[in-house]
Amino acid sequence: MITFNEKEKTFLITNKSIALFLYINEMKQIETVYFGVYKEDISLKYRKEFEDNYSTSYFDTCKNEFIDHSDKSSNEHSLFEISGHDVGDHRPAPIIIRHADGSVATNFLYDSFSVSKGYPSYVDMPHATGEDVDTLTFILRDEFDPNIVLKYNISINNNHDVLIKNFEIENHSKNPINLLKALSLHVDLDSKDFDVHHFGGAWGYERNEFVNHVIDGEQIISSCYGRSSHEENPFFFLTNKNIAIGFNLIYSGNFKASIFTDYSFSTRITYGINDYDFDWVIEPNGLFVTPQASICYSGTGVDNMSQHFHRFINENLIQYKLNKRPIIFNCWEGCEMNFTTESIISYMKDAREIGSELFVLDDGWFSLRNDVMHGLGDWSVNKSKIDLKKVISYCHDIGMKFGLWFEPEMINYDVPIFKKHPEYVLGLDRAKATVHRSQFVLDFSNPEVVDLIYSQMIEVLDNHNIDYIKWDHNRDIKEANSLNLSKEHKQEFYHRYVMGYYSLLSRLRNRYPHMMIEGCASGGGRFDLGTLYYAPLIWTSDNTSASARMNIQYNTSFAYPLGTISSHVSKASDSSYETKSQLALFGSFGFEMNPNMLTDIEKEVLSKYSLLYKKKHNEIFIKGNLYHLSSSVDGLRIYEVISKDKTEAYILLIYYSDIALNSVNVLPCGLDESFNYKIDMPNIENNGKNLMNDGFLVEINKDSKFKISSVFINIIKK
Ligand code: GLA
């Protein structure tokens, strides 16, 4: 619901759970009067006013005099929805324009507004979709050139507490302008007493949680790797007691969040596409749309924030709707590129036996690809290595779907296009080009290159019955010099590259609407909302050992729903197949090993969890609510999932076997106070209220054979 009070010049944006209350002040700036949990009495009385020392005046160049504005706000201390650059108090501005005369002062001021139903929609980039949504669009004009118009969209959903914001910049002037910074949001918060939680790491160790107090000055959370990256995830959140405010960007490329404080007692957040090597020309009558950013406000803790993000992602972001996620068997960790038609068929047979529903032939099926040195960029089936039609039809005959691996944005030195079109490859204009995993990056900012890869991929996909593709991206971008872009447009590369990625994804989505896509970038190097718009799940990490995955998956699930977290039971030796299966259930379940090597007992264990997945996963793990119950004990993670109707829950305790604990008191969440529950541990039966207040004691079973152990608990209504 969006209400405008014309007399007061205020806007209330609310779904009766959270609210944002805005005021257009005398200076035509949009002030944030209130952002938080909904209250009945939200009004201008919440506005920060600074009488004495802080009242300001301005010089009116038309009237040629100083004007004292009765408005008792101070620029320095007010909270704004957007601040200017080179004006005011120098807090970071979300948008900076270099005008045709070279000046960079930018100040967007209120002009008018409109209200519409639904989210703003864009054909060429991922965005939120859905009904029961109201959008307020402010039209602002640059003080220094009113022909430059900024549309500022704020959307509120009546079913969850995730706000969507972005900007659209239109150049109605006669000259081109340059965007030096084009972020998606500016949020000023009325306190600097927050902890900042962000998720960084490296290949194989993605999404470690780092927590620090808001620092005086500026903290930057960013990527300039050309993708959202292993090193930082675009998701971060702020906490203060029960308040949790989360941020994420619907984007897969370079991003930058700045968390800024000064003497003003507020925290100022700007967030969007990284301005690193970014300089975008908008021609007259041209437009630049910034990716949508999502913000969730929770007054009742972190899990409430996570649950709202999960709902948003499942209901309003992922376009490929799945009634049930199939159990995926991926052959990579089993055989890498060493396979034959016969060995793949024998894998399929055993994979089916343990409950797999979709078989993925990973890297190595094309060109001369038997190692990482060869073949990328030549997506023709290696007929002398594999009879693809035969394995696909066998797979379908035994009741499994079939999937294939691609790495569309990359090229190896030995493929013909490399020689024919060196200008399609990044870095070759240098004396030394960076090679990583023996591969180079194709210039996806050039639509010709995207067309070429598209035509190769559809040649395979049109001629084979393929239900799924895994889309990989195994190196980051360096030497980002597109030979296709003129000097004036050179620094548009990174964003154009991401748009090329989206354009290929959406062309494939449109041509093969039934086909499922799994995202991947050397594991979790592109785990972001932009990718999830096209791909309902993402390979979470190349590290499949339980000791790594217990943290990676746990932390990933603060932002992303369990169904998006692709999680395979592998042959990793740090834990039992029981533990690995239990952990994989807290994700989109699958297998990744040599199935011919499994013993009968191992097959029995894996089949048991496949069965559980098929029976319970959708209702409890996908549609239910997730709680992070972890204590502060290092090396111990505790999660819970509970069905929407609160009749059944699962709790997983996963821990290092040498942990200095013999038992843990587990406090479950989200139970119905009045229900009686039975816990599948001897002698525990109690009602929801007592269980949530007092908890129950769980013995830590240490198995000296393994580094990681687990306890898996089922709670069911009696
Ligand atoms: C990346 C992926 C793996 C696998 C290999 C194949 O590392 O993350 O899952 O597909 O590439 O080369």
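Both ligands and their constituent atoms are indexed starting at 1 by order of listing. The first residue of the sequence shown is numbered 1, and numbering continues consecutively from there.
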Basic-acidic side-chain contact under 4.0 Å: Arg475, Glu407: no

Starting from atom 4 (C) of ligand 1, what is the nearest protein heavy atom, named by residue and atom, and what distance separates them? Asp362 OD1, 3.4 Å

Is any N or O atom of Asp472, backbone or side chain, closer than 3.5 Å to an N or O atom of ligand 1? yes

Heavy-atom distances under 4.0 Å are what count here, so tell me which part of Ser522 touches ligand 1: side chain, backbone, both or neither. backbone

Report yes or no: do Ser567 and Gln553 form a side-chain donor-acceptor pair below 3.5 Å? yes

Honestly, for Val372 the part within reach of ligand 1 (heavy atoms, under 4.0 Å) is neither

Numbered atoms of ligand 1 (with element) below 4.0 Å of Asp542, judged on heavy atoms: 1 (C), 2 (C), 3 (C), 7 (O), 8 (O), 9 (O)

Please state which part of Met337 comes within less than 4.0 Å of ligand 1, counting heavy atoms only: side chain, backbone, both or neither. neither

Which atoms of ligand 1 are found less than 4.0 Å from any heavy atom of Cys520? 2 (C), 8 (O)

Are any of the side-chain nitrogens in Asp476 or Lys478 under 4.0 Å away from the carboxylate oxygens of its partner? yes

Using a 4.0 Å heavy-atom threshold (strictly under), name the region of Asn330 that reaches ligand 1: side chain, backbone, both or neither. neither

Can any side-chain N or O of Thr531 pair as donor or acceptor with the backbone N or O of Phe527 at less than 3.5 Å? no

Any Arg437 heavy atom less than 4.0 Å from ligand 1: yes

Identity and separation of the nearest protein heavy atom to atom 12 (O) of ligand 1: Asp363 OD2, 2.6 Å

Would you check if the side chain of Lys580 reaches a backbone N or O of Ser570 as a donor-acceptor pair within less than 3.5 Å? yes

Mind checking whether Gly523 has an N or O less than 3.5 Å away from an N or O of ligand 1? yes

Ligand 1 contacted by Glu336 (non-hydrogen, < 4.0 Å): no

Side chains of Glu232 and Ser223 only: does a donor on one sit below 3.5 Å from an acceptor on the other? no

Interfacing atoms of ligand 1 (cut-off 4.0 Å, heavy-atom, Trp539): 8 (O), 9 (O)

Which of Thr540, Asp528, Asn555, Asn233 passes side-chain hydrogen bond (donor to acceptor under 3.5 Å, both in side chains) with Tyr560? It is Asn233

If the threshold is 4.0 Å, N to carboxylate O, is there a salt bridge linking Lys401 and Glu357? no

Got a second to check how far Lys707's NZ is from Ser657's OG, nearest 0.5 Å? 10.0 Å

Calculate, to the nearest 0.5 Å, the distance between atoms CZ and OG belonging to Arg507 and Ser455 respectively. 8.5 Å

Numbered atoms and elements of ligand 1 in range of Asn474, under 4.0 angstrom, heavy atoms: 1 (C), 7 (O), 11 (O)

Looking only at distances, please establish whether an N/O atom of ligand 1 is found under 3.5 Å from an N/O atom of Lys470. yes

